[in-house]
> 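To start, I am sharing the structure in question, which I have written as structure tokens.
Computed from a predicted structure; not experimentally measured.
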Amino acid sequence: MKKLLTLITLGIAIAFAQPLNPDVDEPPPPERAPKELVETLRKVRLIEELNLSEEQSLKFFPKLNELREAKEKFEQDRRTVLDELRDLLHKEKIPQDQINAKIDKLFQIEEEFNKKENALKKELRKILSPEQQARLILFQLRFERELRDMIRGIRERRQERIKKGRWR
């Protein structure tokens with residue numbers, strides 16, 4: 001199974017690193033597949049790492065997806081409020097009451113997300129054994145680091161190709 005995961009990871013890395021058509025100097029159209037590939041890889045590796053039963057998988061992944069969606073919504077809402085706050089600071093006369101309202105909104109968004117995140121983590125703890133919980137925590141840290149390293153490597157290879165005069 002580890003060989004399969006290694007092959008999948010290698011396949012993803014190669015897919016990102018290779019040009020679709022090396023003779024064309026135009027960039028390829030944007031892809032939507034990389035995010036889906038990463039999520040699929042994450043799920044496959046989680047099943048293996050946590051040794052999830054079928055019953056656990058049916059309960060675990062919907063909660064994990066809900067947690068991911070909550071985090072994405074939080075980050076989007078937070079970014080919106082921060083942009084609004086930045087816009088207020090660029091005004092000639094800075095309206096203090098509006099700034100306070102944006103700061104309060106930012107704290108409210110963070111508090112709501114933290115509550116939701118904690119509730120979902122408690123539900124995940126009910127599904128997983130203590131050993132699986134520990135493996136999940138360590139997996140998440142390791143997977144994110146590996147993903148960042150893989151992306152950094154792909155970017156470096158692209159930069160080298162651009163310097164050599166080849167696109168991608």
Side-chain angles (χ1 to χ4, degrees), residues 1-18 20 28-89 98-155 158:
M1 188 65 161
K2 277 199 171 193
K3 287 183 181 181
L4 176 63
L5 291 175
T6 303
L7 288 174
I8 291 172
T9 304
L10 184 59
I12 291 172
I14 290 171
F16 286 126
Q18 297 298 316
L20 294 176
E31 300 175 14
R32 65 173 184 82
K35 187 175 181 180
E36 293 173 14
L37 286 172
V38 169
E39 286 306 312
T40 301
L41 177 62
R42 182 188 316 262
K43 287 178 181 178
V44 169
R45 296 222 5 227
L46 267 172
I47 290 169
E48 181 183 86
E49 180 75 24
L50 302 180
N51 195 22
L52 293 173
S53 68
E54 189 173 330
E55 182 182 329
Q56 284 179 309
S57 291
L58 291 173
K59 293 177 183 176
F60 176 76
F61 285 110
K63 293 297 175 194
L64 193 65
N65 289 339
E66 193 176 339
L67 182 58
R68 183 180 44 81
E69 289 167 6
K71 187 171 187 172
E72 287 175 1
K73 182 181 181 335
F74 161 70
E75 289 172 355
Q76 181 182 9
D77 292 347
R78 183 174 180 264
R79 201 171 15 254
T80 300
V81 174
L82 288 173
D83 288 344
E84 292 169 356
L85 191 58
R86 195 173 294 112
D87 291 344
L88 284 174
L89 292 175
Q98 290 180 13
I99 290 175
N100 281 329
K102 295 299 177 193
I103 292 171
D104 291 344
K105 178 73 173 170
L106 188 61
F107 289 156
Q108 176 191 357
I109 291 169
E110 289 174 355
E111 188 176 324
E112 289 171 4
F113 170 70
N114 288 335
K115 284 180 185 176
K116 182 154 186 127
E117 180 183 39
N118 289 333
L120 288 168
K121 284 182 177 180
K122 284 180 184 177
E123 291 181 41
L124 287 173
R125 289 190 74 180
K126 291 177 187 175
I127 298 167
L128 302 174
S129 71
E131 181 182 338
Q132 287 173 318
Q133 292 172 42
R135 288 182 183 279
L136 174 63
I137 292 166
L138 295 174
F139 169 82
Q140 288 174 320
L141 294 171
R142 187 176 62 248
F143 186 82
E144 294 300 323
R145 185 179 62 243
E146 289 171 0
L147 193 59
R148 280 192 305 272
D149 291 346
M150 187 187 325
I151 292 169
R152 185 179 311 115
I154 291 168
R155 285 183 179 156
R158 279 188 182 163

> Looking only at heavy atoms, which two atoms of Leu46 and Leu64 are closest? And how far apart?
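Minimum heavy-atom contact is CD1-CD2, 3.5 Å.
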
> Taking atom CD as the centre, does Glu72 end up with more than 12 heavy-atom neighbours from other residues, nucleotides or ligands that are less than 6.0 angstrom away?
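It does: Glu72 CD has more than 12 such atoms within range.
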
> For a side chain to side chain contact (heavy atoms under 4.5 Å, CB included) check, start with the C-alpha distance between Asn114 and Glu117, then their side-chain angles and the critical distance, and finish with the verdict.
CA-CA 5 Å; Asn114 288 335; Glu117 180 183 39; 4.0 Å; yes

> Phe60: which residues meet the ring pair (Phe, Tyr, Trp, His ring centres under 6.0 Å) condition with it, sequence neighbours left out?
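Testing Phe60 for ring pair (Phe, Tyr, Trp, His ring centres under 6.0 Å), a comparison that skips the adjacent residues, returns none.
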
> By the definition side-chain contact (heavy atoms from CB on, under 4.5 Å), identify the one residue from Lys73, Lys63, Glu39 that meets it with Arg68.
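With Arg68 as partner, side-chain contact (heavy atoms from CB on, under 4.5 Å) holds for just one option, Glu39.
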
> Looking at Arg42, I want to see if its CZ is surrounded by more than 12 non-hydrogen atoms of other residues, nucleotides or ligands under 6.0 Å.
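Yes.
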
> Dump the intermediate steps for side chain to side chain contact (heavy atoms under 4.5 Å, CB included) on Glu146 and Arg45, then the final yes or no.
CA-CA 12 Å; Glu146 289 171 0; Arg45 296 222 5 227; 2.9 Å; yes

> To the nearest 0.5 angstrom, please state how far the CZ atom of Arg142 sits from the CZ atom of Arg135.
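Interatomic distance, Arg142 CZ to Arg135 CZ, rounded to 0.5 Å: 9.0 Å.
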
> Search all heavy atoms of Leu88 against all heavy atoms of Ile99 and return the closest pair with its distance.
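That would be CD1-N, 4.0 Å.
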
> Taking only residues two or more places apart in sequence or in another chain, which ones pass ring pair (Phe, Tyr, Trp, His ring centres under 6.0 Å) with Phe143?
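Per chain and number, Phe143 pairs via ring pair (Phe, Tyr, Trp, His ring centres under 6.0 Å) with Phe139.
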
> Please report the shortest heavy-atom distance between Pro62 and Ser57, naming the atom on each side.
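Taking Pro62 first and Ser57 second, the nearest heavy atoms are CD-O, 3.9 Å.
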
> So how far is it from Gln140 CD to Ile137 CD1, rounded to the nearest 0.5 Å?
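Reported value, rounded in 0.5 Å steps: 7.5 Å.
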
> Say you draw a straight line from NZ of Lys115 to CG of Leu120; how long is it, rounded to the nearest 0.5 Å?
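Nearest 0.5 Å value for the NZ-CG distance: 14.0 Å.
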
> Counting distance only, does the side-chain N/O of Gln56 pair as donor-acceptor with the main-chain N or O of Leu128 below 3.5 Å?
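Pair absent, no side-chain N/O of Gln56 close to backbone of Leu128.
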
> For a side chain to side chain contact (heavy atoms under 4.5 Å, CB included) check, start with the C-alpha distance between Glu123 and Glu66, then their side-chain angles and the critical distance, and finish with the verdict.
CA-CA 11 Å; Glu123 291 181 41; Glu66 193 176 339; 5.6 Å; no

> Using the rule given for side chain to side chain contact (heavy atoms under 4.5 Å, CB included), can you reason through Leu147 versus Ile151, listing the C-alpha separation, both sets of side-chain angles and the distance that settles it, and then say yes or no?
CA-CA 6 Å; Leu147 193 59; Ile151 292 169; 4.2 Å; yes

> Please name the pair of heavy atoms, one in Leu52 and one in Gln132, separated by the smallest distance, quoted to 0.1 Å.
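Shortest heavy-atom contact: CD2-NE2, 3.9 Å.
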
> Which donor-acceptor pairs under 3.5 Å do side chains of residues 101-112 form with protein atoms, sequence neighbours excluded?
| from | atom 1 | to | atom 2 | distance (Å) |
| --- | --- | --- | --- | --- |
| Lys102 | NZ | Glu84 | OE1 | 2.8 |
| Gln108 | NE2 | Glu112 | OE2 | 2.9 |

> Is the number of heavy atoms from other residues, nucleotides or ligands within 6.0 Å of CZ (Arg125) greater than 12?
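Open: at most 12 neighbouring heavy atoms sit under 6.0 Å from CZ of Arg125.
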
